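Note that the coordinates shown come from a computational prediction; the quantities given were computed from them, not determined experimentally.
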Amino acid sequence: MLTIRLGLFDDHDIVRAGFRYILTQHSDIVIEAEGGTGREALTAIRTGKLDVCLVDLSLPDLSGIDVLRQAKAGQPDVAILILSAYSEDQYGLNVLKAGASGFLSKELAPDQLVAAVRTVAAGRRYISPKLAEKLAAGLTHDIEQPMHLRLSEREFQIFSKLVVGRSVTEIADDLCLSSKTVSTYRARVLEKMGFRTNAELTQYAVKNDLIP
């Protein structure tokens, strides 16, 4: 039996303890690294010693999507599962579009967690039955999709930062982009979603539980 070397990154100790307890009941899974920040996750991933990395969507320094993008640039073979207290209805599709191997709600059952880790370690994506149904429905009902699902990976990344009050300059620093580029993405987001201001974006995000 092959050993799955796993990293676990969530800023809540009690969440990590729960996941650690579940995962260490299985002899094929070994937790090689743990931490509570995005930078700790990136450092662990860059060692090349991890097969699978569980990363919380809302870490204090970087978002899970930021970690995902930076990690994939240097270590494309590491399977990254994004964790969130929010439902997969809200974030599941965008996380997959960003290149994650799967999205895990923190409400999932222990056997689903283990199945997800084994699935992505084998080089496949983990898609829950509920999300698979949503993907299938999207093939014929694009027009009914929530507006944020129309955004590209980068547009959604910018959207996620705008709705928590980050300025264009701050976002540019976070993502190593120019302010002009971020402003262009902001304009696209507003146009695609039919809004005129950041306040309207934030209202939409609050209404749709998109603010971590």
Side-chain angles (χ1 to χ4, degrees), residues 1-72 74-96 98-132 157 160-161 164 174 205 209-212:
M1 181 182 295
L2 295 176
T3 298
I4 299 170
R5 301 169 302 172
L6 185 136
L8 177 57
F9 296 91
D10 189 293
D11 56 328
H12 294 99
D13 291 344
I14 194 167
V15 172
R16 290 208 311 274
F19 276 65
R20 187 191 313 121
Y21 176 79
I22 293 168
L23 293 165
T24 54
Q25 304 302 304
H26 302 270
S27 59
D28 61 324
I29 299 174
V30 174
I31 297 179
E32 289 278 356
E34 280 191 47
T37 69
R39 300 200 185 285
E40 288 175 321
L42 285 171
T43 298
I45 291 168
R46 287 167 179 162
T47 64
K49 296 179 179 177
L50 299 180
D51 301 307
V52 177
C53 199
L54 275 64
V55 181
D56 186 24
L57 183 65
S58 303
L59 292 169
D61 53 346
L62 298 170
S63 75
I65 292 179
D66 290 336
V67 173
L68 172 67
R69 288 179 57 84
Q70 294 184 42
K72 285 295 181 182
Q75 301 288 339
D77 295 333
V78 177
I80 297 179
L81 287 166
I82 298 294
L83 309 169
S84 180
Y86 288 85
S87 75
E88 61 187 2
D89 287 346
Q90 305 300 332
Y91 280 99
L93 291 179
N94 277 312
V95 163
L96 289 174
S101 294
F103 177 90
L104 300 178
S105 166
K106 292 180 181 176
E107 297 177 351
L108 85 171
D111 59 339
Q112 289 178 297
L113 170 63
V114 174
V117 168
R118 288 174 174 158
T119 296
V120 302
R124 303 191 300 273
R125 281 191 167 187
Y126 174 78
I127 298 176
S128 71
K130 185 178 178 181
L131 189 56
Q157 192 178 28
S160 298
K161 292 180 181 293
V164 296
D174 290 346
D209 293 329
L210 292 170
I211 297 182

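- In terms of heavy atoms, Val95 sits closest to Leu68 at O-CD2, 4.2 Å.
- Distance alone, capped at 3.5 Å, is enough to place a donor-acceptor pair between the Lys72 side chain and the Val78 backbone.
- Among all heavy-atom pairs drawn from Leu62 and Gly38, the shortest one is CD1-C, 4.0 Å.
- Put simply, CG on Leu113 and CG on Leu23 are 4.5 Å apart, with the number rounded to the nearest 0.5 Å.
- Separation of atoms CG (Asp10) and CG (Leu59) is listed at 7.0 Å; rounding is to 0.5 Å.
- Among residues two or more places apart in sequence or in another chain, the side chain to side chain contact (heavy atoms under 4.5 Å, CB included) test is passed with His26 by Asp28, Ile29, Val114, Arg118.
- Under the side chain to side chain contact (heavy atoms under 4.5 Å, CB included) criterion, Pro60 pairs with Asp11, Thr37, sequence neighbours left out.
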(Q) Applying side-chain contact (heavy atoms from CB on, under 4.5 Å) to Ile80 and Ile45, what does each step give before you reach the verdict? (A) CA-CA 10 Å; Ile80 297 179; Ile45 291 168; 4.2 Å; yes
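- Asp13 pairs by the salt bridge (Lys or Arg N to Asp or Glu O under 4.0 Å) definition with Arg16, not counting sequence neighbours.
- When the side chain to side chain donor-acceptor pair (under 3.5 Å) test is applied to Ser105, no partner is found at least two apart in sequence or on another chain.
- Minimum heavy-atom separation, Val55 to Gly64: CG1-CA, 4.0 Å.
- Here the closest heavy-atom approach between residue Gln70 and residue Leu42 is recorded as OE1-CD1, 3.4 Å.
- Listed by chain and residue number, Leu108, Ala109, Tyr126 satisfy the side chain to side chain contact (heavy atoms under 4.5 Å, CB included) test with Gln112 (two or more places apart in sequence, or in another chain).
- No side-chain donor-acceptor contact under 3.5 Å links Arg20 to the backbone of Leu8.
- By the side chain to side chain donor-acceptor pair (under 3.5 Å) test, Gln157 is found to be paired with Asp66, Arg69, Arg154, residues two or more places apart in sequence or in another chain being considered.
- Evaluation of the salt bridge (Lys or Arg N to Asp or Glu O under 4.0 Å) rule for Asp174 yields Lys161, Arg166 as partners, not counting sequence neighbours.
- Judged as a side chain to side chain donor-acceptor pair (under 3.5 Å), and not counting sequence neighbours, Thr119 has no contacts.
- Between Ile65 and Ala98, the closest heavy-atom pair is CG2-CB, 4.4 Å.
- Summarising the geometry of Ala121 relative to Ile4, their closest heavy-atom pair is CB-CD1, 3.7 Å, with the distance given to 0.1 Å.
- Evaluation of the salt bridge (charged side-chain N to carboxylate O under 4.0 Å, His left out) test over residues 41-60, restricted to residues two or more places apart or in two chains, returns Arg5-Asp51, Asp56-Lys106.
- Using modelled atom types, no side-chain atom of Gln75 and backbone atom of Ala71 make a donor-acceptor pair closer than 3.5 Å.
- The side chain to side chain contact (heavy atoms under 4.5 Å, CB included) search around Ala44 returns Phe9, Ala33, Leu50, not counting sequence neighbours.
- Not counting sequence neighbours, Arg124 has no partner by the salt bridge (Lys or Arg N to Asp or Glu O under 4.0 Å) test.
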